Amino acid sequence: MAGNMLANYVQVYVMLPLDVVSVDNKFEKGDEIRAHVKKLTEAGVDGVMIYFWWGLVEGIGPKAYHWTPYNHVFYLVHDARLQLQAIMSFHQCGGNVGDLFNIPIPQWVRDVGATDPDIFYTNRRGTRNIDYLTLGVDDQPLFHGRTAVQMYHDYMASFRENMKKFLDAGTIVDIEVGLGPAGEMRYPSYPQSQGWVFPGIGEFICYDKYLEADFKAAAAKAGHPEWELPDDAGEYNDTPEKTQFFKENGTYLTEKGKFFLSWYSNKLIKHGDKILDEANKVFLGCRVHLAIKISGIHWWYRVPNHAAELTAGYYNLDDRDGYRTIARMLTRHHASMNFTCAEMRDSEQSEEAKSAPEELVQQVLSAGWREGLHVACENALSRYDATAYNTILRNARPKGINENGPPEHKLFGFTYLRLSNELLKGQNYATFQTFVEKMHANLAHNPSVDPVAPLEKSKPEMPIELILKAAQPKLEPFPFDKNTDLPVKNHTDVVDEALLAPVAV
């Protein structure tokens, strides 16, 4: 029986603080982190997640990498016999919910933007977003002779070279590749630093000269040289009905609107495909999983236009699956998909936001499973209450425990956001321990669950037409039980932040 139950075991990781390595690239919290990691080990967690900030590691100059502080962290995690998820963080830390620190992308990269500001994502009014380089420069050799993709490749290659002993030892099990703001594969459509407030629809962010030229060329090739980028999609804090683009029978349903949305979302898919191809070359043969993160944009999900998802680059409508296309792209790289907001309930959301996090999670997880992917999740908010944990447990095994073998579907892993003094104190810690035990199907911590095989070479490039076949017809998601069959008992419920606000790091 125990062997069969082990197939229901879902690994649990905890995200370390964003400043585990300080903003001046030093590891100064060794004693504190060691004590916290000891508590995590006692709680039975399987591992931790760490952000490797590009702005710190390559901050001095091109190809001048400084990994020493992270080595100290790795030794600490390795000595605790925990596994490690490593995020290649090519974005800025700062300006989003939960960002208590400011770690910009390297200064020498930003210096290029002083003379060519179009290296950054740009909205229709010309406002630049310096969180992450526009995907329009993926193949532009603007950075001391290198393209953006080449910079990302070289960074990951340096990581592999410098962390070889931890890769060989099996300490590092996941390489999550940052593909946009907050490390998520999306456009920076809802930046708090520029005044966005939930539940604003956000804006299309493709008005830098590189993406604009690409769109004009694509429109001309399609026989419509007169088409321009949208000028009727509103501003960050609009509601859909206030815009011509998203209103009922709006531009998004016209030939021009559909062409733009296909172009906009396809560019994002190709961006992910291109960088994952480089990651696969770098980590080929290592016993690691490649992964990407998809943002949980649950507001305006209940309206036909799905406006907030569209501005972020997810072309998802009631009759079009905007997530299964991403999942299909990932299959060629043997990569997994990490999704957020796994703890949210529809009943916790305001009516005005037309929000449906439960349905969104159900759709995205189903899309990944249908394409044969490993699918993982995170919570969006730091919460310590049984309601949140039980929602995660339900999503981890949608049809519950199977005492005779693997459940019908289950998460490949879950990462709790994030390690804090609040998590490790009193009742919060006790409830978290129980949650970990339930995720493990009431079994003891087992480091041998889901052994990682050597990473295989990416399959041949997949034509975009084949990827897009996954969009339609939009299939019904797999059924999810209303509640988990292994619940955490209720204690005093504590919510760390306003339930309505999304989180990004």
Side-chain angles (χ1 to χ4, degrees), residues 1-16 35-49 77 80-85 173-174 342-345 361 365 374-379 381-451 480-496:
M1 178 66 73
N4 290 334
M5 286 296 289
L6 195 61
N8 296 273
Y9 185 113
V10 177
Q11 293 181 316
V12 178
Y13 293 77
V14 175
M15 185 185 297
L16 294 187
H36 284 180
V37 166
K38 185 174 184 293
K39 293 274 283 185
L40 293 179
T41 304
E42 291 170 354
V45 304
D46 300 276
V48 296
M49 174 182 278
V77 173
R81 298 186 178 181
L82 292 176
Q83 297 177 329
L84 194 144
Q85 299 172 317
V173 292
D174 281 322
E343 86 289 8
M344 290 185 172
R345 289 274 182 178
V361 168
L365 299 193
H374 285 148
V375 182
C377 270
E378 295 178 3
N379 52 309
L381 302 172
S382 295
R383 289 177 57 174
Y384 316 106
D385 57 294
T387 300
Y389 287 136
N390 288 334
T391 306
I392 296 164
L393 283 159
R394 186 273 311 272
N395 291 330
R397 290 179 292 259
K399 297 302 292 181
I401 290 285
N402 179 8
E403 295 183 353
N404 299 311
E408 185 176 353
H409 297 106
K410 75 165 186 173
L411 290 182
F412 184 67
F414 173 80
T415 302
Y416 178 84
L417 180 156
R418 65 175 62 88
L419 177 62
S420 66
N421 291 326
E422 193 76 10
L423 174 66
L424 300 179
K425 72 180 184 183
Q427 188 58 57
N428 289 350
Y429 181 63
T431 307
F432 179 71
Q433 284 182 296
T434 303
F435 164 70
V436 173
E437 181 181 294
K438 302 294 186 182
M439 289 290 278
H440 289 170
N442 286 335
L443 300 173
H445 171 245
N446 191 325
S448 65
V449 172
D450 294 323
F480 280 39
D481 290 340
K482 183 177 180 180
N483 296 302
T484 178
D485 58 346
L486 284 184
V488 173
K489 291 182 180 179
N490 274 297
H491 296 284
T492 302
D493 283 359
V494 179
V495 182
D496 190 49

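In what follows, every heavy atom counts, from backbone to side chain, and hydrogens, waters and symmetry copies are set aside. Everything quoted here is computed from the prediction, not taken from an experiment.
- Counting heavy atoms from C-beta outward, H440 and D46 have side chains that approach closer than 4.5 Å.
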>> Quick one, Q11 with Q83, criterion side chain to side chain contact (heavy atoms under 4.5 Å, CB included). Give me CA distance, side-chain angles, the key distance, then yes/no.
In response: CA-CA 10 Å; Q11 293 181 316; Q83 297 177 329; 3.6 Å; yes
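- Proximity of L381 to E343: side-chain heavy atoms (C-beta onward) are separated by under 4.5 Å at one or more points.
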>> Does V173 form a side chain to side chain contact (heavy atoms under 4.5 Å, CB included) with L84? I'd like the steps, not just the answer.
In response: CA-CA 6 Å; V173 292; L84 194 144; over 6 Å; no
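- In the model, Q85 has a side-chain atom that pairs as donor or acceptor with a side-chain atom of T415 under 3.5 Å.
- Counting only distance, with no hydrogens or angles, the side chain of N379 and the backbone of A342 share no donor-acceptor pair below 3.5 Å.
- Between the side chain of Y389 and the backbone N or O of T434 there is no donor-acceptor pair closer than 3.5 Å.
- Annotation: salt bridge (charged side-chain N to carboxylate O under 4.0 Å, His left out) contacts involving residues 435-450, sequence neighbours excluded, are absent.
- Residues L393 and N483 are not in side-chain contact: their nearest non-hydrogen atoms beyond the backbone lie 4.5 Å or more apart.
- L82 contributes atom CG, which lies 4.0 Å from atom OG1 of T41 (distance to the nearest 0.5 angstrom).
- With sequence neighbours excluded, no residue forms a salt bridge (charged side-chain N to carboxylate O under 4.0 Å, His left out) with R81.
- Here the closest heavy-atom approach between residue G400 and residue P407 is recorded as O-CB, 3.6 Å.
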> For M344 and T391, what are the C-alpha separation, side-chain angles and deciding distance, and is it a side chain to side chain contact (heavy atoms under 4.5 Å, CB included)?
Replying inline: CA-CA 7 Å; M344 290 185 172; T391 306; over 6 Å; no
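- Between A7 and K410, the shortest heavy-atom contact is O-NZ, 3.1 Å.
- Applying the ring-ring contact (aromatic ring centres under 6.0 Å, His included) test between F435 and each of Y384, F414, Y429 identifies F414 as the sole match.
- A heavy-atom distance below 4.5 Å is found between the side chains of H445 and Y9.
- For the pair I401/M5, a side-chain contact is recorded, criterion being any heavy-atom separation below 4.5 Å from C-beta on.
- Of the inter-residue distances, the one linking L6 atom CG with S448 atom OG reads 6.5 Å to the nearest 0.5 angstrom.
- Between S382 atom OG and R418 atom CZ the span is 6.0 Å, to the nearest 0.5 Å.
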>> With side chain to side chain contact (heavy atoms under 4.5 Å, CB included) as the criterion, how do V45 and Y416 come out once you've worked through the C-alpha distance, each side chain's angles and the decisive distance to 0.1 Å?
In response: CA-CA 10 Å; V45 304; Y416 178 84; over 6 Å; no
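- With values rounded to the nearest 0.5 angstrom, Q433 atom CD is found 11.5 Å from N428 atom CG.
- Between F432 and L424 there is no side-chain heavy-atom pair separated by less than 4.5 Å.
- In this structure, the side chains of V10 and R397 come closer than 4.5 Å at one or more pairs of heavy atoms.
- Within the 3.5 Å criterion, the main-chain N or O of T484 finds no donor-acceptor partner in the side chain of D481.
- Between A441 and N8, the shortest heavy-atom distance links the atoms CB-CB, 3.9 Å.
- Nearest heavy-atom pair, L365 versus C377, reported as atom, atom and distance to 0.1 Å: CD2-SG, 3.7 Å.
- With a 4.5 Å cut-off on side-chain heavy atoms, N395 and I392 do not count as touching.
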